[in-house]
Amino acid sequence: SGGLALLVGFSGGFVWMFPFTALLAGFLTSRVRGHGLVAFILVFLALTLSSALVYVTGVLWYAHLSEISLGKAIAAVVVPFIPGDLIKAFAATAVFMTVRQLNLLPKLTSSRDQVVSLD
């Protein structure tokens, strides 16, 4: 399913926040320096905090549409997903730190000064 029903339905509060979560994750992780354990933990926390932003709007919208308390909404749409989200944040942190350590980020992103010729 998709379309307008997805955007205004029970999962709408989650879906609308995804772009902002990605922006926040990129903003926070770009400010972490280094390659050690402290940097790993900071990136992990940045990704976890970004994911939490999705839950804030998602739970509020879900509770509103379902006409249930916030506690019940959290139990229904947050608690079951916390373990998986933590595993995904850990995996994403490991990939991010590896890509950064191998200095692959400049190769994966384009520079503003780069000119692409279509000739």
Side-chain angles (χ1 to χ4, degrees):
S1 71
L4 189 59
L6 178 71
L7 298 176
V8 296
F10 290 107
S11 60
F14 298 97
V15 174
W16 283 101
M17 192 51 68
F18 286 145
F20 300 104
T21 298
L23 183 67
L24 180 62
F27 176 79
L28 294 175
T29 57
S30 70
R31 276 141 181 79
V32 176
R33 302 287 177 237
H35 301 288
L37 180 61
V38 172
F40 188 95
I41 291 169
L42 289 174
V43 169
F44 176 78
L45 290 174
L47 296 179
T48 304
L49 175 67
S50 300
S51 291
L53 184 62
V54 169
Y55 284 131
V56 170
T57 57
V59 165
L60 291 172
W61 187 248
Y62 183 84
H64 168 71
L65 288 183
S66 301
E67 298 179 355
I68 60 174
S69 70
L70 286 177
K72 288 182 180 180
I74 289 169
V77 298
V78 174
V79 174
F81 298 98
I82 289 175
D85 283 349
L86 291 175
I87 291 168
K88 287 184 275 186
F90 184 85
T93 302
V95 169
F96 177 85
M97 295 301 289
T98 301
V99 167
R100 178 197 274 177
Q101 191 167 8
L102 294 174
N103 202 24
L104 296 175
L105 288 177
K107 297 172 188 166
L108 296 174
T109 59
S110 62
S111 171
R112 291 182 198 165
D113 300 329
Q114 208 172 29
V115 177
V116 176
S117 175
L118 298 176
D119 297 328

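Note: hydrogens, waters and symmetry copies are ignored here, and every other heavy atom, side chains too, is used. Only a predicted model underlies this, so the values are computations on that prediction, with no experimental measurement involved.
Residues satisfying the side chain to side chain contact (heavy atoms under 4.5 Å, CB included) test with T57, not counting sequence neighbours, are M17. Listed by chain and residue number, Y62, L65, S66 satisfy the side chain to side chain contact (heavy atoms under 4.5 Å, CB included) test with F10 (two or more places apart in sequence, or in another chain). With sequence neighbours left out, T48 forms a side chain to side chain contact (heavy atoms under 4.5 Å, CB included) with F44, L86, A89. Residues satisfying the ring-ring contact (aromatic ring centres under 6.0 Å, His included) test with F20, not counting sequence neighbours, are none. Partners of L70 according to the side chain to side chain contact (heavy atoms under 4.5 Å, CB included) rule, which considers only residues two or more places apart in sequence or in another chain, are V59, L60, A63.
Listed by first then second residue, pairs satisfying salt bridge (Lys or Arg N to Asp or Glu O under 4.0 Å) with a partner in residues 34-45 number zero, not counting sequence neighbours. Applying the side chain to side chain donor-acceptor pair (under 3.5 Å) test to residues at least two apart or on different chains, none of the pairs has a partner in residues 18-28. Applying the side chain to side chain donor-acceptor pair (under 3.5 Å) definition to pairs two or more places apart or across chains, none involves residues 4-17. Each side chain to side chain donor-acceptor pair (under 3.5 Å) pair with one or both residues in residues 69-86, not counting sequence neighbours, appears once here: Y55-D85, D85-K88.
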What side-chain donor-acceptor pairs closer than 3.5 Å can you find for residues 75-82, not counting sequence neighbours?
none

Distance-only check: which donor-acceptor pairs under 3.5 Å involve side-chain atoms of residues 29-39, not counting sequence neighbours?
residue : atom : partner : partner atom : Å
T29     : OG1  : A25     : O            : 2.8
T29     : OG1  : G26     : O            : 3.4
S30     : OG   : G26     : O            : 3.2
S30     : OG   : F27     : O            : 2.9
R31     : NH1  : F27     : O            : 3.2
R33     : NH1  : S30     : O            : 2.8

Q) Can F40 and F96 be said to form a side chain to side chain contact (heavy atoms under 4.5 Å, CB included), step by step? A) CA-CA 9 Å; F40 188 95; F96 177 85; over 6 Å; no
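Going from atom CG of L24 over to atom CG of L49 covers 5.5 Å, rounded to the nearest 0.5 Å.
Residue L23 is not grouped with residue F14 when hydrophobic side chains (ILVMFWY) are merged at heavy-atom distances under 4.5 angstrom, including chains of intermediate members.
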